[in-house]
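These numbers come from a predicted model, not from an experiment.
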There are 2 protein chains.
Amino acid sequence: MSPESRREQLLELGTQLLSTRTLEELSIEVLAEEAGISRGLLYHYFGNKQEFHVAVVRRAVEQLVAITAPRDIADPLEQLAVSIGAYLDYVVENHTGYVSLVRAAAGGNEEVRTIYEEGRRALIDRIFEINGPEQLAQLGIEDSPGLRLMVDGWGAMTESVILAWIEDPHGLSREDLLHRLAVALPAIALAR
Amino acid sequence: MSPESRREQLLELGTQLLSTRTLEELSIEVLAEEAGISRGLLYHYFGNKQEFHVAVVRRAVEQLVAITAPRDIADPLEQLAVSIGAYLDYVVENHTGYVSLVRAAAGGNEEVRTIYEEGRRALIDRIFEINGPEQLAQLGIEDSPGLRLMVDGWGAMTESVILAWIEDPHGLSREDLLHRLAVALPAIALAR
DNA sequence: ACCGCTGTTGAACGAGCGTCAATAGCGTTG
DNA sequence: CAACGCTATTGACGCTCGTTCAACAGCGGT
């Protein structure tokens, strides 16, 4: 089999297996057996277990960032809600896999964490790009260092709330949730 | 050595070692060597590696909850800021250990996660206990199911922001940060 | 002095990661 | 067509580490 397709196959398989197991439990042993190859071959494509894990996580994060690319909408608040909605939908559809990803990112090694954080950063930065300075001003937000800290916090909150909402919606509809999260951003940014 | 003191010694040592290593890297091997005992003895006190990890995490969480017990202050917003401050101080002082705890909780198994989440729940619930309904109303907050979701999210945000602030304060003083986080709670709760 | 309890050990087993020399298949070249 | 080389692939080996278990040692009670 050609190098690229084999590599692709292994990464794809690894991503799938992540739905059932933790990243830690995603052993070379299981993967090799599942792929019908010898353990040794994995070391031909990925130097070691960690490198393989990193490759799987990178793939998953890229997928997430690509899929949730926001559309162009006039009203900033609605734009924001739609962006969060795309993210929400992704999380709902890939729930088990996404949970594994988040846990892997939080508990994993330096490299895995960095990749995940860069993904999160990309998602958040899009808000500041898509909504230009004028639109941000329209929300009452102006970019500043201290603000960044809080906006990143809002990102963590959003991630957490969405995961909790999937477990138990607490009587909130999808639209309610999106609106709450959207208005929370300017609320956090403005509150002093 | 007596059972209790030995158990205590091992847990204490485990907690210390957590400053240097991940929970996953906190091996039976290292612990036994560091404690000057045989590996086998650990299985006399803790059934297996996981149980030991659980015991260490439980200990750390209990410590956190106990130390950050809030004082009684009239002004609800200041009360809140003081509570967050106690938490912040704990995180600053036990930084490496706390980071290990958070990562262990996020990446760990079911049991470890549950213990951590119960700890977080206890911290947040205190806000609703200490600040009685009247004081909460004074902040414009009334307890409701959908609100709980957002308040838990605020908890996640607080945790995240504090860890980020320690890495890089972004020009915010401790007081600035506490105030921002404190006002963020009613802001999130009120925003619709 | 004997007995039993229990804290403690060390050896042994198995799972899983990582290494490496050897092989097999295939395209290239003389 | 045969020899060659490249590389995907294998299988066996060694090592670390979690886990088990039979044996021992010290000590209090009878």
**Student:** Got more than 12 heavy atoms from elsewhere within 6.0 Å of CD, B:E12?
**Tutor:**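 Enclosed.
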**Student:** Looking for any heavy atom pair under 4.0 Å, which part of the strands does A:Y45 touch: base, sugar-phosphate only, or nothing?
**Tutor:**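 Sugar-phosphate contact only - A:Y45 comes under 4.0 Å of backbone atoms but never of a base.
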**Student:** Give a yes or no answer on whether the side chain of A:K49 reaches the backbone of A:E24 with a donor-acceptor pair at less than 3.5 Å.
**Tutor:**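 Such a contact is found between A:K49 side chain and A:E24 backbone.
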**Student:** Would you jot down, in residue-number order, the residues of residues 35-43 of chain A having a non-hydrogen atom under 4.0 Å from DNA chain D?
**Tutor:**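 Heavy-atom cutoff 4.0 Å gives A:I37, A:S38, A:G40, A:L41.
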**Student:** Would a distance-only check, ignoring hydrogens and angles, find a side-chain to backbone donor-acceptor pair under 3.5 Å from A:H53 to A:V112?
**Tutor:**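 Absent.
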**Student:** Is atom CD of A:E111 surrounded by more than 12 heavy atoms (other residues, nucleotides or ligands) closer than 6.0 Å?
**Tutor:**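 For A:E111, atom CD is not crowded (no more than 12 foreign heavy atoms under 6.0 Å).
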**Student:** With a 4.0 Å cut-off on heavy atoms, is A:F52 in touch with a base, just the backbone sugar-phosphate, or nothing at all?
**Tutor:**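 Nothing, no heavy atom under 4.0 Å.
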**Student:** May I ask you to check whether over 12 heavy atoms, not counting those of A:E51, lie within 6.0 Å of atom CD?
**Tutor:**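 Yes.
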**Student:** Check the distance between C:dT19's P and A:E29's CD and give it to me in whole angstrom.
**Tutor:**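 To the nearest whole Å, that distance equals 16 Å.
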**Student:** With the threshold set at 4.0 Å, does a side-chain nitrogen-carboxylate oxygen contact exist between A:R113 and A:E110?
**Tutor:**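 Between A:E110 and A:R113 there is a salt bridge, with a charged N closer than 4.0 Å to a carboxylate O.
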**Student:** How long is the line joining CG of A:N48 and P of C:dG18, in whole Å?
**Tutor:**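 For the pair A:N48 CG and C:dG18 P, the rounded distance is 5 Å.
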**Student:** Please check if any side-chain donor atom of B:Q138 sits under 3.5 Å from a side-chain acceptor atom of B:E134, or the reverse.
**Tutor:**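 B:E134 and B:Q138 do not have a side-chain donor-acceptor pair below 3.5 Å.
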**Student:** Verify whether one side chain among B:T68 and B:R126 offers a donor that lies under 3.5 Å from an acceptor in the other.
**Tutor:**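 B:R126 and B:T68 do have a side-chain donor-acceptor pair below 3.5 Å.
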**Student:** Need two values: the first and the last nucleotide of DNA chain D, 5' to 3', having an atom under 4.0 Å from any heavy-atom of chain B.
**Tutor:**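 Counting from the 5' end, contacts occupy D:dC17 to D:dT20.
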**Student:** Could you check which residues of residues 4-24 of chain A get a heavy atom under 4.0 Å from DNA chain D? Sort them by number, please.
**Tutor:**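 The answer is A:R6.
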**Student:** What I want to find out is whether A:R59 reaches A:E8 closely enough, with some N-O distance under 4.0 Å, to be called a salt bridge.
**Tutor:**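 Salt bridge between A:R59 and A:E8, a charged N being under 4.0 Å from a carboxylate O: yes.
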**Student:** Could you tell me how far apart A:H53 (NE2) and C:dC17 (C1') are, to the nearest whole angstrom?
**Tutor:**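 Rounded to the whole Å, the gap is 11 Å.
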**Student:** Mark yes or no: A:R148 above the aromatic ring of A:F128, with NZ or CZ under 6.0 Å from the six-membered ring centre and no more than 45 degrees from the axis.
**Tutor:**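 Yes; both conditions hold, so A:R148 lies above the ring face of A:F128.
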**Student:** Are the charged groups of B:R120 and B:E159 less than 4.0 angstrom apart, N to O?
**Tutor:**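 Counted as a salt bridge, because a side-chain N and a carboxylate O are separated by less than 4.0 Å.
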